[in-house]
Structure formats: structure tokens, C-alpha cells
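Heads up, the thing below is written out as C-alpha cells.
In the text below, chain A, chain B and the rest are named by the order of the sequence lines, each starting its count at 1.
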Protein chains: 2
Amino acid sequence: MIERQERTKKQLLNAAIDLFEAVGFQKTRISDIVARAGVAQGTFYLYYRSKEEIFLDVIKEFTTLFASFLEDASDLFAGDSFDEVRRNVLDFNHRLIELYTANGKTARILFREGASQGGPFKSVFHGIYTQFIEIVRNRLEQNRATGHVTFEDAETEASFLIGLFDRSLFYFMDVKKHVDVEALSRRMTDFIMGGLSKHIPKSR
Amino acid sequence: MIERQERTKKQLLNAAIDLFEAVGFQKTRISDIVARAGVAQGTFYLYYRSKEEIFLDVIKEFTTLFASFLEDASDLFAGDSFDEVRRNVLDFNHRLIELYTANGKTARILFREGASQGGPFKSVFHGIYTQFIEIVRNRLEQNRATGHVTFEDAETEASFLIGLFDRSLFYFMDVKKHVDVEALSRRMTDFIMGGLSKHIPKSR
DNA sequence: ATGAAAAATGACTGACGCGTCATTCATATA
DNA sequence: TATATGAATGACGCGTCAGTCATTTTTCAT
């Protein structure tokens with residue numbers, strides 16, 4: 001019965017997601033996963049060889065989506081006018097926030113565990129992190145000539161941006177328990193385009 | 001001999017700092033700490049009751065310094081002119097970066113472990129994190145009337161700022177292995193005051 | 001020099017959690 | 001109803017590591 005296998009595997013995966021998110025990778029025991037999935041200890045090993053392996057399965061979907069999101073970001077900072085540049089930044093922010101919120105648990109698992117030192121996912125996290133920096137840096141440099149954005153060294157500004165995205169999203173998801181996608185993407189855009197200055201026109 | 005005790009305790013503490021920073025709290029075993037400190041297993045328990053206890057000792061100095069730094073930040077965003085506001089922001093950034101770099105290892109330990117889910121320090125981290133947000137939010141609101149900074153809701157902008165500080169500092173400390181305090185504080189200030197816009201005058 | 005107090009030692013213990021495997025159970029097919 | 005298949009079970013073995021404690025070493029006052 002192939003459907004039974006699929007059901008069991010999904011139960012294990014969902015249990016792992018819940019537990020990794022709630023108590024973290026390190027503290028989650030295989031015995032916790034199987035207990036929550038409602039299967040026996042041995043059953044786990046019919047589907048995964050280790051905790052590391054189920055972790056990689058947990059984050060696989062999100063990392064794939066994230067990678068293709070980055071590949072889609074060719075318009076970031078592009079535009080013939082300040083307004084067009086801003087619209088593209090807004091669009092980027094909006095899609096990024098939607099991606100995060102639509103995958104809240106796995107996004108949190110990946111970024112939380114990736115930042116810390118213990119896990120087996122250090123390299124996975126590092127990979128997508130540097131990919132992000134690289135894309136932002138690249139888009140900044142590509143569009144420097146338009147004169148609508150200015151910066152000294154794109155890598156530094158890219159690190160500012162990723163920090164801004166990352167921490168503020170988790171602040172709203174973790175502390176506020178709710179993200180208003182429209183409002184947050186608009187205000188991120190305003191901040192990126194003009195900082196705290198009142199001299200730059202705001203969106204809308 | 002009181003000095004011998006002090007020396008032993010310092011050896012344990014330094015070993016713990018090195019190991020927490022290099023491999024993380026979870027992966028560090030007490031046996032590793034005592035091996036690196038050059039003392040026996042039992043000696044550890046003469047000074048600390050658990051790994052949690054030595055961790056709290058490791059981060060104590062930095063958290064104390066951080067708390068008093070925040071209490072000193074009364075000038076943040078204050079000023080009668082755009083330039084004065086900017087100078088105060090620059091000063092804040094400069095001091096913050098110096099604090100981080102002067103306490104590189106413990107700062108990294110605290111922020112890395114604090115963000116992840118496993119540790120016993122979740123509450124310590126959460127405490128200083130919310131304190132930071134609160135100070136920035138408060139300073140923004142206090143100085144809204146000057147008209148030199150503008151924002152919708154100070155808490156959101158505060159979360160942008162802490163993200164910007166946090167991730168970019170660790171990017172330079174971890175990836176670049178070096179932080180140019182002058183340059184980074186100046187560019188952070190530029191970004192905070194004017195984003196990527198070319199319309200806002202830059203520092204210096 | 002001496003011995004009592006303090007400090008350090010490291011072998012030992014027990015708990016815990018991963019992964020295995022001999023066995024049971026459910027379902028499909030004859 | 002009987003048989004075959006393979007999914008699921010859960011007790012157990014084994015390694016790891018935190019924490020203990022009887023013993024040894026060091027310190028220092030007399």
C-alpha cells in the first residue's frame with residue numbers, strides 16, 4: 001500500500017517541522033518525533049537514516065523556493081526613474097515577505113538554526129545567505145549607472161539590507177505573531193529608499 | 001591560596017569562551033572545557049554547577065556593558081539640525097561597533113546562541129533585544145518633533161535598525177574577519193539617515 | 001618541619017538517546 | 001479461507017557525557 005507509506009512519511013515530516021520550530025533541532029529527539037507522529041521508533045528509520053536527513057527534507061521545499069525567488073529578482077533596483085526603481089524594490093520586498101510568511105515555520109527553522117553554531121545545516125544556510133548578498137550586491141552595481149541609487153561599496157549595503165529583512169521579519173513573526181504584508185513591504189521600501197529622512201518621497 | 005583559585009576559574013572561563021565561540025554551546029562538552037583549561041573533570045564542579053552556569057558567566061560582562069551602553073544613548077536622534085542629528089547617530093553607531101568588536105567573542109556567542117532555539121539564554125537574549133528595540137523606539141519618538149527624522153511607527157523602524165546593526169556587524173566580523181570601525185559606522189549612519197537615496201547629504 | 005585545610009584529581013556511575021533487528025500485524029492476492 | 005508481502009513495532013545494545021566522590025597533592029600557619 002503505497003498510500004500508507006506516504007501518509008506515514010508525511011506524519012513524520014509534520015511532526016519534525018512542529019518540533020524543530022518549537023524547541024529547535026538539537027533539543028528534538030527522534031523519540032519525540034515518532035511520538036508526535038504516532039508511530040514507533042523503528043518506523044522512523046524506514047524513512048530517514050538520521051535526524052540530519054529529516055532536517056534536510058524539512059527545509060528542502062523552502063530553500064528551493066528561495067533560490068528561485070532570487071533568480072527571479074532581475075528587476076531589483078532597475079528603472080529609469082526614482083519611482084520605477086522604488087516600485088521594483090517594493091515588488092521585491094513584497095514577494096520576499098510573502099515567501100517568508102507563506103513558509104513561516106520552515107523559514108524560521110532554517111534561519112534560526114543556520115545562524116547558530118550547532119547544526120548540520122551550517123553550509124545550507126551559508127549558501128543561501130551568500131547567494132542573497134551576492135544577488136543584492138550584483139543588482140546594486142548593475143543599476144548604479146541609473147543614478148537613482150547611491151552607495152560606496154555594494155557588499156556593505158547588501159549586508160545592511162539582508163539584516164533589515166531578516167531581523168525585522170522575525171521580529172514581526174515571532175514577537176508580533178502577525179505580519180501585514182502590504183504595510184511592512186511598503187515601509188521597508190521607504191526605509192531602503194530614503195532611510196529616516198523626510199526629504200525622500202514615500203510610497204503611495 | 002586565593003590566587004590559584006582565581007587562575008583556575010579564569011582558565012575554565014577562557015576555555016569556555018573559546019569553545020562556545022568555535023563550536024557553539026550545545027556541541028561543547030564539559031570534558032572539552034576542562035581539557036582545554038588543563039584541569040580535571042571534577043575541578044569544573046568546584047567552580048560551576050553546570051554548563052548553563054558557566055555560560056551565564058561568559059556573557060555577563062558583555063551584557064552589563066551593553067545595558068549601560070543603552071542607558072547612555074540619550075542623545076540618539078536628538079539635535080536641532082539635520083547635521084546634529086546625524087552626528088548623534090554616528091556617535092551611537094561608532095560606540096556600538098566599538099563595543100561589539102572589543103567583545104567580539106562573547107558578543108558572537110550571545111547573539112548566535114540567543115537567536116537559536118536550544119539554549120538556556122533565550123531569556124537573556126530576549127531581554128537585551130527588546131531593551132534595544134525599546135530604546136531606539138523611544139528615542140525616535142522623543143525626537144519626532146524636531147522634524148529631522150520621519151517614520152510611521154517607531155517600533156517598525158527600530159526593528160529595521162537592529163537588524164541592520166546586527167547582521168551587518170556579524171557579516172563583517174564572521175565573513176570579512178575585520179571591521180573598519182570608522183568606515184562602517186559612517187556608512188551605517190548614511191544608510192540610516194538617507195537609505196540608498198542620493199538626495200541626502202552623506203557624512204564627511 | 002609538620003599537619004590541617006583547601007584545592008585538584010580522575011576513575012566511576014547512571015541516565016539518556018540513537019540506531020538495530022527479531023518479531024508482529026495488516027493488507028493484498030490466490 | 002490460506003498464504004505472501006512488506007510496513008510497523010518496541011525492547012535492547014551501545015556509546016556518550018554530565019555529574020560524583022574517595023583519594024592525592026598543594027598550600028600555609030605554626
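Ring geometry for A:F111 versus A:F170: interplanar angle of 30 to 60°, hence tilted. Between A:F92 and A:F165, the ring planes lie tilted relative to each other; the angle falls in the 30° to 60° range. The aromatic rings of A:F62 and A:Y100 sit perpendicular to each other, their planes meeting at more than 60°, with 30° as the lower class boundary. Ring geometry for B:H148 versus B:F82: interplanar angle over 60°, hence perpendicular rather than tilted (30 to 60°).
The CG atom of A:D32 sits 13 Å away from the C1' atom of C:dC18 (whole-angstrom rounding). Taking atom NZ of B:K27 as the reference point, atom P of D:dT16 lies 15 Å away to the nearest angstrom. Spacing between atom CG of A:L12 and atom P of C:dC18 amounts to 14 Å, rounded to whole angstrom units. Summarising the geometry, the separation between OH on B:Y48 and P on D:dT20 is reported as 17 Å, rounded to the nearest angstrom. Protein atom CD of A:E53 is 10 Å distant from nucleotide atom P of C:dG19, rounded to whole Å. Residue B:E52 contributes atom CD, which lies 10 Å from atom P of D:dA18 at whole-angstrom precision. Nucleotide D:dC17 holds its P atom 11 Å from the CD1 atom of B:I30, rounded to whole Å. Note: CD (A:Q26) to P (D:dC17) measures 12 Å, nearest angstrom.
Using a 4.0 Å cut-off between charged side-chain N and carboxylate O, B:R87 and B:D91 make no salt bridge.
Taking CG of B:L161 as the reference point, atom CG of B:D166 lies at 12.0 Å (rounded to 0.5 Å).
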Produce a footprint string for nucleotides 8-13 of chain D: one letter per nucleotide, 5' end first; B if the base is under 4.0 Å from any protein heavy atom, S if only the sugar-phosphate is, - if neither. BBB---

